Amino acid sequence: MQRVFAALAREGLHVERDGRVYRVRLKDVADAPAGEVLLPDDFPIEAKALRQLAGLAALRHPAGGGVTTVRASPDFHPGDAGVAIGSIVETEGIVVPAAVGTDINCGMRLHVVDLTAEQLLAKRDVLVERLKGDYFFSSRDLPMTAEAMQGLFREGLAGWLSAVRRRPLGQLARCDLDQLEREIDRVHLGGGLDGDPRWAPEDIVPEEGVVRDGGLATIGGGNHFVEIQVVEEVVDRARAWQWNVRAGQVAIMIHSGSRGVGKHVGALWRDRARGLWPKGQKFPPEGLFSLSLADQPEAVAGYMQAEATAANYGFLNRLLLAELLRQRLRELFGEVAAPLVYDLPHNITLPVEGAAKRWITRKGACPAGVEQPVIIPGSMGAASYLLVGRGSPQLLGSASHGAGRATSRFEMGRRGRETGDLGLAGVDCITLREERRIEEAPAAYKPIGPVVACQVEAGLCDVVARMRPLMTFKA
DNA sequence: ATGTGC
């Protein structure tokens, strides 16, 4: 697989690949930093996605600060909120709420389970029935005290956990809280950023008493899922052993985010950024309003705290989705070990380490720091990968967050009605919405193999293990 | 992406 970096040239913006030149017309990009796209050979590249990337590159705040670097990961594709999915952007002196959007702390979580696929599939039907109850019919019982919700929003998983330890209610009383505590260091950033409950939707942060938040432990729509997999191949035996991953074992992979809380925070700050834009100044492309440290330091701090608040909720959402599944596995198989391998966000703004006033926003890009676990899911029915990051600067210490959509949901709907081969044979997808099967069918996505291979070849990460799906839950 | 929204 050949590695291809294509500069978005300043004059006219073009990408040259395989002898073909892709041109994108865009004004205002004259003094923007060049963007780079990493793609396998023969991959389609959408003009809309390039236009969006160029729009990001051109961002400047009239009071000072702007975007310094943009990169695009191999699963790069157009987004509907003005930012292409797979964008990695470094800013200096500004933050851009719309760049991360409303799906704050969308991310991945991976557990391994001390069962073989055969053992698990022997109880497939009863497991599916119970999980349908948990994930689709809200039969779960997860009452949260005011202290737990406030601790969560303020500090993340550690704050939540210490409150739950004081008063474990409902199904939380059946969780192994010591294990959850030990697993916090396998969550990126310790599963906690400095947030504040005042940024969360009011109805889920009681002053006192208990709330039953219907958003917690829910999968969400689109490409989000809970998947039971089997480790098909271990490539890096030493690291796999160290991370508890064994060939032939069952794994649990979760792709979800901060649900309504991220939507609340993202929409609130998108609107605030527009409202705070200096009067009389030309609007930025695609509604990408920024907040400048130069004249709005409290707004920058406020947004970062609000984003952190939603991010903390996303960490707990994934933890609880996994916890429900671990409880069902214990019911059916006894005390079976199902340790966390890693949990990490691929939709988040983080400060650049060791540099004041600089941030990296990853929009559909997985952090891939040195020796750090990287989780790249394939599309429904396809393989997923556990990798180890190498901290390469090429994509600012990032990797892709998936295979990348190749065909729009709308187009897939049309193709589905015309009964094309959507690659769904043999896929065990449990969903209440039939249209998901088509919208998220394997044929809607690029093949994960080349997407992973080109990143390995580029030195972004190395494969530790490959998993294949056994059953996928999609809301 | 979103207890989607015209």
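By convention in this document, chain letters (A, B, ...) are assigned in the order of the sequence lines, proteins followed by strands, and residues within each chain are numbered from 1. Given the structure is predicted, the values throughout are model-derived calculations rather than measurements.
- Put simply, CD1 on A:I104 is 12 Å from C1' on B:dT2, counting in whole angstrom units.
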With a cut-off of 3.5 Å and sequence neighbours excluded, list every side-chain donor-acceptor pair involving residues 318-325 of chain A.
| unit_1 | atom_1 | unit_2 | atom_2 | d |
| --- | --- | --- | --- | --- |
| A:R318 | NE | A:D343 | OD1 | 3.2 |
| A:R318 | NE | A:D343 | OD2 | 3.1 |
| A:R318 | NH1 | A:N105 | O | 2.9 |
| A:R318 | NH1 | A:N105 | OD1 | 3.4 |
| A:R318 | NH1 | A:S256 | O | 2.9 |
| A:R318 | NH2 | A:N105 | OD1 | 2.8 |
| A:R318 | NH2 | A:D343 | OD1 | 3.0 |
| A:E323 | OE1 | A:R326 | NE | 3.4 |
| A:E323 | OE1 | A:R326 | NH2 | 3.0 |

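- For A:Q455, the side-chain hydrogen bond (donor to acceptor under 3.5 Å, both in side chains) criterion is met by A:S400, not counting sequence neighbours.
- Across all strands, A:G101 comes closer than 4.0 Å to no nucleic acid atom at all (heavy-atom distances).
- Residue pairs meeting the side-chain hydrogen bond (donor to acceptor under 3.5 Å, both in side chains) criterion with at least one partner in residues 131-143 of chain A, sequence neighbours excluded, are A:D134-A:R328, A:D141-A:R212.
- Between the CZ atom of A:R318 and the P atom of B:dA1 there is a distance of 14 Å, given to the nearest Å.
- Using a 4.0 Å heavy-atom criterion, one finds that A:H264 contacts no nucleic acid atom at all.
- In this structure, the ring pair (Phe, Tyr, Trp, His ring centres under 6.0 Å) partners of A:H255, at least two apart in sequence or on a different chain, are A:H224, A:F225, A:H346.
- Look at CG on A:D271: it is 19 Å from P on B:dT2, rounded to the nearest Å.
- For A:N105 and B:dA1, the CG to C1' distance is 13 Å, given to the nearest whole Å.
- One atom, CG of A:D80, and another, P of B:dT2, lie 12 Å apart when rounded to the nearest Å.
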For A:R362 and A:S398, what are the C-alpha separation, side-chain angles and deciding distance, and is it a side chain to side chain donor-acceptor pair (under 3.5 Å)? CA-CA 8 Å; A:R362 294 185 176 88; A:S398 318; 2.7 Å; yes
Scan nucleotides 4-6 of chain B against the protein and return all N/O pairs shorter than 3.5 Å with their distances rounded to 0.1 Å.
| unit_1 | atom_1 | unit_2 | atom_2 | d |
| --- | --- | --- | --- | --- |
| B:dT4 | O4 | A:R433 | NH2 | 3.4 |

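- Going from atom CG of A:L216 over to atom P of B:dT2 covers 14 Å, rounded to whole Å.
- When the C1' atom of B:dA1 is taken as reference, atom CD of A:E307 falls 14 Å away, rounded to whole Å.
- Distance check: A:R130 CZ to A:L329 CG gives 11.0 Å after rounding to the nearest 0.5 Å.
- For B:dA1, the OP1/OP2 oxygens have a side-chain nitrogen or oxygen of A:R409 closer than 4.0 Å.
- Remark: A:R259 is not in phosphate contact with B:dA1, judged by side-chain N or O atoms under 4.0 Å from OP1 or OP2.
- Between the C1' atom of B:dT2 and the CZ atom of A:R270 lies a distance of 10 Å, rounded to the nearest Å.
- Listed by first and then second residue, the side-chain hydrogen bond (donor to acceptor under 3.5 Å, both in side chains) pairs involving residues 431-440 of chain A are A:R405-A:E440, A:R409-A:E440, A:R433-A:E435, A:E434-A:R437, A:R436-A:E439, A:E440-A:Y445 (not counting sequence neighbours).
- Among the heavy atoms of the strands lying under 4.0 Å from A:G220 are primed sugar atoms or P, OP1, OP2 only; no base atom is included.
- Between A:N347 and the phosphate of B:dA1, there is no side-chain N or O to OP1/OP2 separation shorter than 4.0 Å.
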